[in-house]
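We count residues from 1, following the sequence as given. Whatever order the structure lists ligands and atoms in, that order sets their numbers, starting from 1. Bear in mind the structure is a predicted one, so any value in this text is a computation, not a measurement.
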Amino acid sequence: MSTDKKMKPESLMMSYGYRPELSEGAIKSPIFQTSTFVFKSAEEGKAFFEVAYGLREKKEGEVMGLIYSRINNPDLEILENRLCLWDEAEECAVFESGMSAITTVLLEFLKPGDLVLASSPLYGGTDHFIEKILPKFGIHAVSFKVGQTRDEIMHIVEATGMADKLALVFIETPANPTNDLIDIAGSKEIARHFSTPERNVLLAVDNTYMGPVWQHPLKHGADLILYSATKYIGGHSDVIAGACLGSSELITRVKGLRTFLGNMAGPWTGWLLLRSLETLKARMDIQAFNAERVAAHLNEHPKIEKVYYLGNLTEADGESFHIRNRQCLTNGGMISFDVKGGEKEAFTFLNSLKLIKLAVSLGSTESLAEHPATMTHADVEPEHKEALSITEKMIRLSIGVENYHDILSDIDQALGKIPLRVESNQEEKQLHLV
Ligand SMILES: *Cc1c(COP(=O)(O)O)cnc(C)c1O
């Protein structure tokens, strides 16, 4: 196993953590579609429960035995071991959705009276849970916007008068749908600043947009990583799942609550994700490669006003440029852009696509397009939307693994359906004449 560790994760995704001899020599892990596991003896059952319920420490070399599929299952354990390799995490817990991973972490690490500091914008479901559900349990929330400095953010925390109750910093970077970046190491410094010997303020990072191949938050000081495994990890738009990674100490707590909430992934979900992980690196390489070509094309297109893509950052963008260089291993597979015009022009584009599917979600093999202002971000407050650049003219693209020439042709033909706005734009008028 120690030599295994030196190999790249993509080389280990087909075999790591699975022993064919335990499954009739099957090259692939079977789906362990079982609720419970038979003990060899009553003594063994007793020993398994002692470890599972933390009644005693594990003995040297003792492994946690299989008891019941709400606690553990081979498909989940193998999946968790393999997911650990990408982020070099000690432990992982998988869930039946990204939301269940996120909400379990929030509930485990926050208690009544606590304060959570969150970045904005956040995924809509996470935002709703923090703003609308947590207050029912007496948990307070405060947020900062992308682009605010460390001093400004610390000031926001202090202004609540509850800085001594800060328990968790929760960030999502790059932000959806604008690709704005948040400094992970800087966020950890904020968490540290408000920590005391009794109270270690934790940093949780939703790494769905870039991970687990393109960004490794633990390396930049994060304590917990969260994923909607529905996105890049699953990658085929056919399964909903989530994951949380971090130190053994923290994930043991997360798994403890997961056992009692009963929101672990089932064996079939586990098996589907094992299959997805074998091609994760290959898929994401192609997606990043395609995205670069699509962005380059959009940057030059006369019907497009602005492109939001990590690869467009230059020295002139200041801090964002340096954050990108520090924490992102590629420019990712997500591109947003503003068409010239408004909702009418954006909808004409979306309704004219043939290859690219009009759907929310992201990170899948097929390219997807959506309209954040009226779809994924429909319930963001209007003035907040404006501040975040989520306007009627914005389209969000998730780039898939198709041949990029075909993606470009589809984009071009759909943009071609947007009528030229003769009344205002001189440049377009000329284009019309040519
Ligand atoms: C989709 C998504 C989620 C929620 O995940 P589900 O698997 O749909 O529950 C959370 N965070 C981000 C960034 C997402 O894109």
Side-chain angles (χ1 to χ4, degrees), residues 79 83 87 92-107 116 118-134 143 146 168 170-182 184 187 204-215 217 222 224-245 254 258 261 263-266 268-270 272-273 276-277 284 287 308 310 327-328 332-336 359-364 368-372 375-380 388 390 396-400:
L79 171 62
L83 276 172
D87 283 298
C92 168
V94 291
F95 291 83
E96 204 50 52
S97 68
M99 279 313 300
S100 55
I102 291 165
T103 56
T104 302
V105 160
L106 292 172
L107 291 173
V116 52
S119 64
S120 170
L122 276 185
Y123 179 72
T126 311
D127 188 65
H128 180 90
F129 194 82
I130 290 176
E131 297 291 334
K132 303 277 161 43
I133 313 285
L134 289 181
S143 70
V146 286
L168 182 71
F170 189 103
I171 64 170
E172 197 178 305
T173 181
N176 173 8
T178 52
N179 277 324
D180 284 306
L181 293 169
I182 293 168
I184 299 171
S187 301
V205 179
D206 183 333
N207 198 34
T208 300
Y209 240 58
M210 292 296 272
V213 176
W214 298 329
Q215 180 169 272
L224 292 158
I225 306 179
L226 290 149
Y227 289 110
S228 168
T230 310
K231 315 295 166 55
Y232 285 103
I233 294 172
H236 294 73
S237 300
D238 57 7
V239 63
I240 300 276
C244 176
L245 296 100
V254 172
R258 184 185 69 171
L261 292 174
N263 55 0
M264 72 298 152
W268 173 228
T269 297
L272 278 171
L273 292 181
S276 288
L277 279 184
M284 290 181 81
Q287 285 167 306
Y308 305 78
L310 290 182
Q327 69 193 33
C328 306
M334 297 297 294
I335 305 170
S336 292
V360 299
S361 198
L362 60 102
S364 186
L368 300 172
E370 65 113 5
H371 189 245
M375 296 172 192
T376 47
H377 295 71
D379 65 353
V380 177
L388 297 170
I390 305 170
R396 188 188 77 180
L397 294 178
S398 166
I399 304 300

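The salt bridge (Lys or Arg N to Asp or Glu O under 4.0 Å) search around Glu172 returns none, not counting sequence neighbours. The side chain to side chain contact (heavy atoms under 4.5 Å, CB included) check on Pro121 picks up Val146, Ala175, Leu388, with sequence neighbours excluded.
Side-chain contact of Thr126 with Asp206: a donor-acceptor pair under 3.5 Å is absent, judged by distance alone.
Tyr209 pairs with exactly one of Asn179, Asn176, Thr173 by the side chain to side chain donor-acceptor pair (under 3.5 Å) rule, that one being Asn176.
Remark: side-chain polar atoms of Glu96 are not paired, donor with acceptor, to backbone N or O of Thr269 under 3.5 angstrom.
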Please tabulate, for side-chain N and O atoms in residues 232-240, each donor-acceptor pair with protein atoms closer than 3.5 Å (sequence neighbours left out).
from	atom 1	to	atom 2	distance (Å)
His236	ND1	Gly234	O	2.9
Ser237	OG	Ser364	OG	2.8
Ser237	OG	Glu366	OE2	2.6

With the criterion set at N/O pairs under 3.5 Å, what does the list of contacts between the protein and ligand 1 look like, atom names and distances included?
from	atom 1	to	atom 2	distance (Å)
ligand 1	5 (O)	Ser228	OG	3.0
ligand 1	7 (O)	Gly98	N	2.9
ligand 1	7 (O)	Ser228	OG	2.8
ligand 1	7 (O)	Thr230	OG1	2.6
ligand 1	9 (O)	Gly98	N	3.0
ligand 1	9 (O)	Met99	N	2.8
ligand 1	11 (N)	Asp206	OD2	2.7
ligand 1	15 (O)	Lys231	NZ	2.7

